[in-house]
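Structure, as structure tokens:
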Amino acid sequence: MGEKEFVKEITSRAVDYSQWYVDVVTRAELMDYAPVKGCMVIRPYGYGIWERIQGALDPRFKATGHENAYFPLFIPESFLRREAEHFEGFVPEVAWVTRGGGEELAEPLAIRPTSEAMICHMFARWVQSWRDLPVLVNQWCNVVRWEKATRPFLRTTEFLWQEGHTCHATEEEAEAETRQMLGIYCDCLREDLALAVVPGRKTEREKFAGALRTYAVEALMSDGKALQAGTSHNLGQFFARVFNILFLDRDGRQKHVWQTSWGVSTRLIGALIMVHGDDRGLVLPPRIAPLHAVIVPISPQRRREEVLTAARRLHAGLAGMRVRLDDRDEHSPGWKFNEWEMRGVPVRIELGPRDLEASRAILVRRDSGEREEVPLDGVSRRLPELLAEIQHAMYRRAWDFTSRSTRLVRDWTEFRTVLEEQRGFVVGGWCGDEDCEGHIKTETGATIRCLPLEGVASPVSDALREAAGLPCVHCGGRAPGPVVFARAY
RNA sequence: CGGGGCGUGGCGCAGCUUGGCAGCGCGCCUGCUUUGGGAGCAGGAGGUCCCGGGUUCAAAUCCCGGCGCCCCGACCA
């Protein structure tokens, strides 16, 4: 029987990828459209994913010495204007508050598009001596960017994120911090979100407005388009100069601090959907899934109490894992199977009269559809193993897909053909010239996603090795090293 | 900012061309029968047809104006 018959509500990816995405986020109840353009409600199930992402990242931030804090939503216009490059970069998408308490404000307040301006202002007050360094803070908050075209999770007017901000005594320390946080993103996205990300450096053109250098982790979605999944910036001393963040060093001289900032957002939820989802809906990696498993009792009238009692006992024995017993009477087992599959729960546990006779339960994997019979008293031992297997398999699948979708190109003709016919990551040479980069973008829609970090294994490693020494894909000139191109979200 | 699509019970849509009782499917409520891949039957509730104006005996339908949402491209997490 055709698989799609079960999920009428979801458009298949092959028919219309965008519609599939919208169907998944709405039907799985991750979000709903709010009455304000470009804004969405993150519903409990979607927010549960975000909480799991926070739960994966926050301890890693703490373990590396960072502390959480909270800075105001409103930023005085004059603060934003101080750093010209930064301001120019953001002003088109800033929302302003000009009235408050029924009166016109003396100075308009920007609703933060990011908090560099506010946080740097505070840093200037807090930092006096080399003994005050490093300053390592992070905040979980919302930001607003007035986008013209929005998409649930991927680009919304208001979104949730985390922004880390640090000050250091030396350039080397700031660079090390920038790289450390990129590494943390890379590890966390790979281990917990099962995303096969490629870490690398951004080109001048693609870097953060006001940064010395920007690093990012890039992931490939199942439609062959890339998504920037996290960024880490070495801000140099640009903001320190503008906001007068000075410290008296050991040598008795006043110096500007060296800064970093880094962030990931609810956009990661979009990445999870587009990397792991299939035509039946969401597929969530166990470490991030709000629910590890759902127990679906199959309880004909006559055996109802017997089955439910056993199901409750099984549920109680799985305390410590995130398991829900779906004992709703208003839906049939088949309905529940489809519903929880659509919502991406990693494991379904079926328990019916036939299973009770055999003192077993049926465990079914969401990612592969495989089912296995497990003795009732063995489920609490088997489930964690199975979840680990699923987590691993999903990562492998994402890695293999990304690796398979990476093409090596030698010249311009090949480059255009690959982008038009296959998409995916394209590895090739780049001479380093911004005009070449610009032409490539104008003519193909593809951008340089990153200059991959050397010595870090990633799904594009093989292609990079083969591409060493290849000339620029556009002009044919000498290229210092291969880069990764793609069309991107 | 360009291109396309759409606004009709909670959701998805038909009706509009050619003006004349506001309909269908799903969902919802009640009852009974059901339960191993989206159960069946019976009864029932639910509508400013996006908004404003105009034409007309009569407007969901025709005309004018506005608003909103979604999708796709260019710019950005």
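Lettering of chains follows the sequences in order, A, B, ..., and the numbering in each one begins at 1. Computed from a predicted model, the values in this text were never measured in an experiment.
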Which nucleotide wins on minimum distance to the side chain of [X], given the candidates [options]?
X: Lys148(A); options: G37(B), A74(B), U35(B); value: A74(B)
X: Glu341(A); options: G37(B), U35(B), C70(B); value: G37(B)
X: Lys441(A); options: A77(B), G73(B), C75(B); value: C75(B)
X: Gln228(A); options: G36(B), G73(B), A77(B); value: A77(B)
X: Glu147(A); options: A74(B), U35(B), A77(B); value: A77(B)
X: Pro152(A); options: A74(B), C71(B), U35(B); value: C71(B)
X: Asn338(A); options: G36(B), G73(B), G38(B); value: G38(B)
X: Glu350(A); options: G38(B), G36(B), U35(B); value: G36(B)
X: Phe159(A); options: U35(B), C71(B), A77(B); value: A77(B)
X: Pro333(A); options: G36(B), G38(B), A74(B); value: G36(B)

Rounding to an integer number of angstrom, what distance separates [N] and [M] when you compare their [atom1] atoms?
N: A14(B); M: U61(B); atom1: C1'; result: 13 Å
N: A45(B); M: G9(B); atom1: C1'; result: 10 Å
N: C69(B); M: C63(B); atom1: P; result: 25 Å
N: G3(B); M: A60(B); atom1: C1'; result: 28 Å
N: C62(B); M: U17(B); atom1: C1'; result: 11 Å
N: C50(B); M: C6(B); atom1: C1'; result: 11 Å
N: G27(B); M: G38(B); atom1: C1'; result: 13 Å
N: A59(B); M: C49(B); atom1: C1'; result: 11 Å

With both distances under 3.5 Å as the test, what is the Watson-Crick or G-U wobble partner of [N]?
N: G36(B); answer: none
N: A60(B); answer: none
N: C6(B); answer: G68(B)
N: G12(B); answer: C24(B)
N: C41(B); answer: G31(B)
N: U18(B); answer: none

Under 3.5 Å, is there an N or O donor on one side and an acceptor on the other linking the side chain of [X] and the base of [N]?
X: Arg348(A); N: G37(B); result: yes
X: Ser265(A); N: A77(B); result: yes
X: Arg155(A); N: C76(B); result: yes

How is [X] classified with respect to the nucleic acid when contacts are heavy atoms under 4.0 Å: base, sugar-phosphate, or nothing?
X: Pro353(A); result: base
X: Arg151(A); result: sugar-phosphate
X: Ala149(A); result: base
X: Leu227(A); result: nothing
X: Asp16(A); result: nothing
X: Val22(A); result: sugar-phosphate
X: Thr150(A); result: sugar-phosphate

Subject >> Side-chain heavy atoms of Gln139(A) within contact of Gln162(A), under 4.5 Å >> reply: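 Contact flag for Gln139(A)/Gln162(A) side chains = no.
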Subject >> Heavy-atom check, side chain of Ile273(A) versus side chain of Trp20(A), under 4.5 Å >> reply: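 The answer is yes, as the side chains (C-beta and beyond) meet within the 4.5 Å cut-off.
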Would [X] pass as a cation-pi partner of [Y], given that its NZ or CZ must be under 6.0 Å from the six-membered ring centre and within 45 degrees of the axis?
X: Arg81(A); Y: Phe79(A); answer: no
X: Arg190(A); Y: Tyr395(A); answer: no
X: Arg348(A); Y: Phe337(A); answer: yes

Between [Y] and [X], does any NZ, NE, NH1 or NH2 come within less than 4.0 Å of an OD or OE carboxylate oxygen?
X: Arg382(A); Y: Glu389(A); answer: yes
X: Arg205(A); Y: Glu434(A); answer: no
X: Arg360(A); Y: Glu350(A); answer: no
X: Glu191(A); Y: Arg287(A); answer: no

Between [X] ([atom1]) and [N] ([atom2]), how many Å, whole number?
X: Gln19(A); N: C70(B); atom1: CD; atom2: P; value: 12 Å
X: Glu330(A); N: G31(B); atom1: CD; atom2: P; value: 13 Å
X: Lys225(A); N: A74(B); atom1: NZ; atom2: C1'; value: 12 Å
X: Phe337(A); N: U35(B); atom1: CZ; atom2: C1'; value: 10 Å
X: Tyr489(A); N: C75(B); atom1: OH; atom2: C1'; value: 17 Å
X: Glu305(A); N: U35(B); atom1: CD; atom2: P; value: 16 Å
X: Leu268(A); N: A77(B); atom1: CG; atom2: C1'; value: 10 Å
X: Arg13(A); N: C71(B); atom1: CZ; atom2: C1'; value: 19 Å

Original post:
Start at the 5' end of RNA chain B and walk down; is the nucleotide closest to Arg304(A) or to Leu154(A) reached first?
Top reply: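 Taking each residue's closest nucleotide, the earlier one in sequence belongs to Arg304(A).
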**OP:** For Thr157(A) and for Arg487(A), locate the closest nucleotide of RNA chain B by heavy-atom distance; then report the residue assigned to the nucleotide nearer the 5' terminus.
**Re:**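 The residue mapped nearer the 5' terminus is Arg487(A).
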Original post:
Is the shortest side-chain N/O distance from Ser332(A) to OP1 or OP2 of A39(B) below 4.0 Å?
Top reply: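 So the side chain of Ser332(A) is within the cut-off, an N or O lying under 4.0 Å from OP1 or OP2 of A39(B).
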**OP:** Give a yes/no answer on whether the side chain of Tyr21(A) brings an N or O atom under 4.0 Å of OP1 or OP2 in C70(B).
**Re:**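 Checking Tyr21(A) against C70(B): no side-chain N or O falls below 4.0 Å of OP1 or OP2.
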**OP:** List the protein contact pattern of nucleotides 4-9 of chain B with one symbol per nucleotide (5' to 3'): B for base contact, S for sugar-phosphate-only contact, - for none; contact means a heavy-atom distance under 4.0 Å.
**Re:** ------
Original post:
Within the distance-only criterion (no hydrogens, no angle test), does the side chain of Ser222(A) pair as donor or acceptor with the backbone N or O of Met274(A) below 3.5 angstrom?
Top reply: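 Checked: pair present.
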Subject >> Centroid-centroid distance, His233(A) to Phe208(A), less than 6.0 Å >> reply: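 They qualify: ring centres under 6.0 Å apart.
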Original post:
Around Trp146(A), counting heavy atoms of other residues, nucleotides and ligands shown, do more than 12 lie under 6.0 Å from its CH2?
Top reply: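 12 or below, so no.
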